[in-house]
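Inspection log for the structure reproduced underneath, given as structure tokens.
Residue indices begin at 1 and follow the sequence shown.
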Amino acid sequence: MSSVAPTITTKSDNKFEIAGRTFTSRLIIGTGKYRSYEEMKLAHKASGAEMVTVAVNRVPLNRNSESFLDHLDPSLIILPNTAGCDTAEAAIRTARLAREALNTDLIKLEVIGDATTLFPDNEQTLEAARVLVKEGFMVLPYFTDDLIMAKKLLDAGCAAVMPLAAPIGSGLGVQNPANLRIMREQLPYATIIVDAGVGTASDAAIAMELGADAVLMNTAIAEAQDSEKMATAMRLAIEAGRLAYIAGRMPKRLYASASSPIAGAIK
């Protein structure tokens with residue numbers, strides 16, 4: 001079976017698709033850790049994002065009490081996630097709940113394998129993905145930056161893959177750039193969204209320069225001293241990184257290469 005995602009993203013296209021939905025912003029944002037709802041709203045607006053992820057297990061879906069759901073811009077597409085699940089069964093159950101409560105087939109699949117590092121359990125993630133795809137979900141799985149697992153998830157029918165850059169909330173930035181570069185080269189038609197570990201604007205730019213189609217982040221913006229300004233910085237970094245990737249960087253050289261040719265120069 002071919003390791004090609006259902007969604008095709010071309011290198012030169014300024015827009016990209018997830019499960020048939022077209023986006024112009026390549027930044028996906030979260031809702032946790034903000035100090036106030038007002039701060040969250042300002043940051044969301046500054047980010048220019050068109051999609052926001054929501055932890056299904058951490059919000060009252062029946063709206064019986066106030067939550068960030070009451071303060072989201074209605075134009076934002078909600079991407080429910082299964083954060084907090086540590087088995088395939090729990091993630092599948094949470095996804096089904098999200099579909100009923102939020103009326104969406106989109107799901108960011110998270111199955112955590114270690115409570116300290118929050119690293120994903122790739123095997124449980126793959127098991128859950130296979131079930132959810134068969135049930136009609138558009139699955140976006142969070143997993144380690146592993147090419148082989150990416151292929152398996154795509155073969156299972158996932159709409160995109162979401163490799164981590166570093167542990168969730170760590171702010172360490174891209175720790176294994178070679179893995180992401182290889183994944184991009186080996187899966188040219190897959191939608192790849194870097195998820196987790198971004199800490200500042202340069203991290204986001206690097207992820208995009210490596211060929212990611214988009215970056216999902218939450219803590220880097222929410223825990224910044226000025227969330228609104230950081231959201232703006234992230235928006236610009238995503239745009240700059242994407243443009244640099246399309247432009248194609250110069251080759252790295254061991255020795256100097258004069259900017260101005262010396263042939264014909266006055267001696």
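At a threshold of 4.5 Å between non-hydrogen side-chain atoms, the residues Tyr142 and Leu216 do not count as touching. Between Val54 and Leu72, some side-chain heavy-atom pair lies under the 4.5 Å cut-off. Residues Asp203 and Met217 form no side-chain contact, since every pair of their non-hydrogen atoms from C-beta on lies 4.5 Å or further apart.
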Verify side chain to side chain donor-acceptor pair (under 3.5 Å) between Asp213 and Thr191, making sure each step is shown before the conclusion.
CA-CA 6 Å; Asp213 293 290; Thr191 298; 4.7 Å; no
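Qualifying salt bridge (charged side-chain N to carboxylate O under 4.0 Å, His left out) partners for Arg249, counting only residues two or more places apart in sequence or in other chains: none. Every residue two or more places apart in sequence or in another chain that forms a side chain to side chain donor-acceptor pair (under 3.5 Å) with Asn179 is listed here: Asp145. Remark: Asn218 engages no residue in a side chain to side chain donor-acceptor pair (under 3.5 Å) (not counting sequence neighbours). Partners of Asp105 under the salt bridge (charged side-chain N to carboxylate O under 4.0 Å, His left out) rule, at least two apart in sequence or in another chain, are Arg99. Listed by chain and number, the residues in a salt bridge (charged side-chain N to carboxylate O under 4.0 Å, His left out) with Glu39 are Arg35 (sequence neighbours excluded). In this structure Arg93 satisfies the side chain to side chain donor-acceptor pair (under 3.5 Å) test with no other residue, sequence neighbours excluded. With sequence neighbours left out, the salt bridge (charged side-chain N to carboxylate O under 4.0 Å, His left out) criterion links Lys229 to Asp226. Under the ring pair (Phe, Tyr, Trp, His ring centres under 6.0 Å) criterion, Phe119 pairs with no residue at all, not counting sequence neighbours. Checked against side chain to side chain donor-acceptor pair (under 3.5 Å), Glu50 has the following partners two or more places apart in sequence or in another chain: Thr24.
Between Val133 and Cys158, the shortest heavy-atom contact is CG2-N, 4.1 Å. Scanning all heavy atoms of the two residues, the minimum distance from Ala237 to Ala201 falls at CB-O, 3.2 Å. When all heavy atoms are compared, the tightest approach of Asn81 to Ala55 is OD1-CA, 3.2 Å. Smallest separation of non-hydrogen atoms from Ala95 and Thr82: N-CG2, 4.2 Å. The nearest pair of heavy atoms linking Ser227 to Ala222 is OG-O, 3.3 Å. Here the shortest heavy-atom pairing between Ala160 and Pro141 reads O-CD, 2.9 Å.
For the atom pair OG1 (Thr117) and CD1 (Ile112), the distance works out to 8.0 Å, reported to the nearest 0.5 Å. We find the CG-OG1 distance between Leu69 and Thr31 to be 7.5 Å, quoted to the nearest 0.5 Å. The NE2 atom of His44 sits 9.5 Å away from atom CG of Asp73, with the distance rounded to the nearest 0.5 Å. Note that CG of Leu140 is 11.5 Å distant from CG of Leu132, once rounded to the nearest 0.5 Å.
At least one donor-acceptor pair closer than 3.5 Å links the side chain of Ser25 to the backbone N or O of Leu27. Remark: side-chain polar atoms of Arg184 are paired, donor with acceptor, to backbone N or O of Ala190 under 3.5 angstrom.
Side-chain polar atoms of Thr144 and Asp146 form no donor-acceptor pair below 3.5 angstrom.
In this structure, Glu239 does not pair ionically with Arg242, as no charged nitrogen and carboxylate oxygen lie closer than 4.0 Å.
Enclosure of atom NZ in Lys33 by more than 12 non-hydrogen atoms of other residues, nucleotides or ligands within 6.0 angstrom is indicated.
Annotation for Tyr255: hydrophobic cluster partners, listed by chain and number, are Leu254 (ILVMFWY side-chain heavy atoms under 4.5 Å, direct or chained). Using a 4.5 Å cut-off between side-chain heavy atoms of Ile, Leu, Val, Met, Phe, Trp and Tyr, Met250 forms no hydrophobic cluster with any other residue.
Ring orientation note: the planes of His71 and Tyr37 are close to parallel, at an angle under 30° on the 30°/60° scale.
Contacts classified as side chain to side chain donor-acceptor pair (under 3.5 Å) and involving residues 129-141 (residues at least two apart or in different chains) are given here: Arg96-Glu135.
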